[in-house]
Structures are given as C-alpha cells and as structure tokens.
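These figures come from a predicted structure and were not determined experimentally. This chain uses plain numbering: 1 for the first residue, then up along the sequence.
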Amino acid sequence: MKDVPKDPRSTQIFKLDDSDHQDDSRSPVFVIIAGHFLDIGRIVPVGESPLVVGRDPDADVCLNDDQVSRRHITIGEVMTMDRRKSVQVTDLKSTNGTFVNGRKIQTTWCCIGETITVGTTTFLFRLQDIKSTDDTSDSLQLVSRDPLTGIYNRRAFDNMLQVEQRRIEPRPGNYCVLMIDLDNLKSVNDELGHPAGDAILKSVAFILSSNVRKTDFVARVGGDEFAVLAPDSDQNQGRRLAERLQESVGFLKNAGIFLDISVSLSIGIAGGSLDEHTLEDYYALADTALLKAKKEGRNRIAFFFDPDG
C-alpha cells in the first residue's frame, strides 16, 4: 500500500467492511470527523442535487471554520462507479485548497471510505441508515446542548472560549463576557416546585437568545447561571445588553407571565482587549463581578473593570 502523505491536512485511511462498498439500502452521507467543535459529528446526507460547502450562511453546508472560504467546494450528485458510490468534488478557487485523502485537488471523485479536508474540517464519506443518522444527530445535540433550555451548555461554552482564543490571537480585539444569575431560583423551586423553576429557566434562556447578536454565544453554565460571550464588544456595549435583558425579564413579570414569582437577573461583566487578558480570564473576572452584584442586593449589574474609569 502506498505511504499516506505526511501533510497535516491528510487523514488516516478508513477501513470499512465489504457492505460499505455495496449498493444497499443505506444512504450516502458525509460525517464531519475533525474541525470546529460545533461541526464535529454533523451528518450531511448526499443526494441527487449538488451541495455548496463554505462559511457563507447561504451555503448548503455552512461551516464554523475560518480557514474555509465562503464558497469552498461543491459536492456533486451520487454516482455508482465500480460498484462503489462516489461523488465529484470541485474546489471553487478556495484560498486554502481542498484535499481528498490528503491529496490536493481541483476536481476529483471521492469514494466511500475516503475523506475530504477543507481548512481544518474533515468529512468522511460513508453509508449510514437514516434511523442511525437521526439517532446520531440527537446524541450529538446532547453533548453540546442543555436539555432543558435548548441553548448551549457549559462544555460548549468552555470549548468556544478556547476556539475563539486561538482564532483571534493573531489579531486581538475587544471581547466582553457576561455572567448572569437568575435570582432566587431556589426559593421558587422550594415554594412552587421544580416545574415552575424549569418554566422560568426556559423563559430566561429564550430572552437571552432573542436579545443577543448572531455573533454572540449564549450558554447555560450552571443550575441558575448563564453566560454570554460577545465578540467585538466593550463593557459599555455589555452594559447595554445587560440592561435589555433585565428589562425583558421585568416586562414578562409585569405582563403576569410569572404571576407572583419574584424574577430578576444579577449580571457580572468583564471585558476588554485580548492584549491584556485571555477569554478565560474575562470569564473568571465576570464571575467575580457577578458575586459582587449578588452581594450588593441582587437584580444589579456589576463590573470587574470600571467602564467609566
């Protein structure tokens, strides 16, 4: 067997059983096996229509990979060649190139068991039954999503801090982190039961998701704690976001959504240039500011760094 290229973008050769090369009832799919943690595990069915892959939000397969061009490749329709399902892969004049089994290509055929690498993202072409595809997608959601609220969980937030830190290190900018505590949730659970507390958590998660920008990242990081990572934002912009969140929660209470339940948010904010601190630093400092807000009486906004100083 030929030596596998040593290029870092090359991948191992995946050994599949004979049934993976046969024309059976299973569907051809691409599974993302390397890349951005939000993409790893995604399953992309391949059908009769070509797919455009890239960073463009309007691409058929949009990737969270800044090493990928906006429109990087097209994946063609499935054909059967020598009893093996294959697709044609065409590079769309991308910046960083396209590699099939580690070999840089312009246009080529990718067969079952082979890989396509674009940027830091690697797809494995294989056959998988539809039920298994649905089950796998559901299990992957559980890895990164909070099952109660549907927003990202602590693990996903920690990973995002690391990914963003690596991504922007060559060109540091301003970032802001908000740590948010739902005041008195324990009292609600004790007096009215956990279903009432769960309903409040879901409502607050919806408020957070509805008030942030598409570039912001929202997660539930504890029982009654949430976090927001806001790129290209200073602490004053963080304060305006925090005020909107408190107003939105207050509006729901005034509208009778929470009836007699006492609902408010304590929010800690830290941020600035990544020349001075890492994103994990700002995460910890925002948590310290949150403790300050709670000690000062709750339903407050506190800063680790004075934004007016």
Side-chain angles (χ1 to χ4, degrees), residues 34-41 55 63-67 119-121 140-182 201 204-205 208-209 211-242 245 265-296 300-309:
H36 193 287
F37 83 96
L38 292 178
D39 291 328
I40 291 176
R55 284 188 298 107
L63 299 175
N64 297 286
D65 185 343
D66 62 358
Q67 299 300 309
T120 63
T121 304
L140 288 165
Q141 284 289 317
L142 294 177
V143 172
S144 62
R145 296 279 180 175
D146 172 51
L148 175 66
T149 63
I151 63 175
Y152 289 110
N153 58 22
R154 171 68 180 268
R155 175 179 176 175
F157 194 82
D158 289 342
N159 284 334
M160 175 56 79
L161 293 177
Q162 297 173 21
V163 169
E164 281 293 289
Q165 184 70 42
R166 290 195 299 268
R167 185 180 71 82
I168 48 76
E169 274 178 352
R171 47 185 190 283
N174 284 330
Y175 273 75
C176 189
V177 177
L178 282 69
M179 283 293 296
I180 302 163
D181 183 83
L182 179 54
L201 285 167
V204 170
L208 297 183
S209 301
N211 278 276
V212 300
R213 303 167 303 174
K214 289 184 178 180
T215 53
D216 296 339
F217 193 82
V218 182
R220 183 185 177 198
V221 295
D224 56 1
E225 289 188 343
F226 300 84
V228 177
L229 173 64
D232 300 316
S233 297
D234 58 25
Q235 289 195 130
N236 282 315
Q237 290 168 302
R239 176 185 3 221
R240 289 194 288 273
L241 171 58
L245 298 177
L265 301 180
S266 295
I267 303 176
I269 301 174
S273 171
L274 293 184
D275 288 326
E276 303 168 6
H277 296 277
T278 67
L279 288 177
E280 290 187 349
D281 289 339
Y282 287 130
Y283 185 21
L285 296 174
D287 195 46
T288 300
L290 173 61
L291 292 175
K292 178 183 176 183
K294 291 163 70 173
K295 287 179 180 178
E296 291 179 351
R300 296 173 184 272
I301 299 170
F303 299 86
F304 188 86
F305 303 108
D306 183 359
D308 300 318

Could you check whether any side-chain heavy atom of Leu290 comes within less than 4.5 Å of a side-chain heavy atom of Glu225, counting everything from C-beta outward?
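Contact flag for Leu290/Glu225 side chains = yes.
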Is there a side-chain contact between Asp232 and Thr215 (heavy atoms, below 4.5 Å)?
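Sidechains of Thr215 and Asp232: no contact.
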Please report the closest heavy-atom contact between [X] and [Y], naming both atoms and the distance.
{"X": "Asn64", "Y": "Asp39", "value": "N-OD2, 2.8 Å"}
{"X": "Ala227", "Y": "Tyr283", "value": "CB-CE1, 4.4 Å"}
{"X": "Ala242", "Y": "Ile301", "value": "CB-CD1, 3.6 Å"}
{"X": "Gly271", "Y": "Gln235", "value": "N-OE1, 3.4 Å"}
{"X": "Val228", "Y": "Leu241", "value": "CG1-CD2, 4.2 Å"}
{"X": "Ala302", "Y": "Ala289", "value": "CB-O, 3.3 Å"}

Aromatic contact between Phe305 and His277, with the criterion being ring centroids under 6.0 Å apart: yes or no?
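So the answer is yes for these two rings.
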Kindly compute the distance separating [atom1] ([X]) from [atom2] ([Y]), expressed to the nearest 0.5 Å.
{"X": "Gln165", "Y": "Asp281", "atom1": "CD", "atom2": "CG", "result": "8.0 Å"}
{"X": "Asp65", "Y": "Thr120", "atom1": "CG", "atom2": "OG1", "result": "3.5 Å"}
{"X": "Leu178", "Y": "Asp287", "atom1": "CG", "atom2": "CG", "result": "12.0 Å"}
{"X": "Ile269", "Y": "Lys292", "atom1": "CD1", "atom2": "NZ", "result": "11.5 Å"}

Could you check Phe226 against Ile267 for side-chain contact (heavy atoms from CB on, under 4.5 Å), going step by step and ending with a plain yes or no?
CA-CA 9 Å; Phe226 300 84; Ile267 303 176; over 6 Å; no
Please identify which of these residues, Leu148, Asn153, Thr149, meets the side chain to side chain contact (heavy atoms under 4.5 Å, CB included) condition with Ile151.
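Output: one option passes, namely Thr149.
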Keeping to residues at least two apart or across chains, list the salt bridge (charged side-chain N to carboxylate O under 4.0 Å, His left out) pairs with something in residues 214-224.
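Pairs touching residues 214-224 that pass the test: Asp146-Arg220, Arg213-Asp216.
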Would Leu279 and Met160 satisfy side-chain contact (heavy atoms from CB on, under 4.5 Å), going step by step from the backbone distance to the final call?
CA-CA 10 Å; Leu279 288 177; Met160 175 56 79; over 6 Å; no
Report the C-alpha separation of Leu265 and Leu182 in whole Å, then their side-chain angles, then the decisive distance to 0.1 Å, and conclude whether the side-chain contact (heavy atoms from CB on, under 4.5 Å) test is met.
CA-CA 5 Å; Leu265 301 180; Leu182 179 54; 4.0 Å; yes
Looking only at side-chain N and O atoms, does Ser266 offer a donor or acceptor that is under 3.5 Å from a partner on Asp181?
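The criterion, which ignores hydrogens and geometry beyond distance, is not satisfied for Ser266 and Asp181.
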Does any N or O in the side chain of Thr288 come within less than 3.5 Å of the main-chain N or O of Ala286, such that one atom is a donor and the other an acceptor?
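Checking the backbone N and O of Ala286 against the side chain of Thr288, no donor-acceptor pair under 3.5 Å is found.
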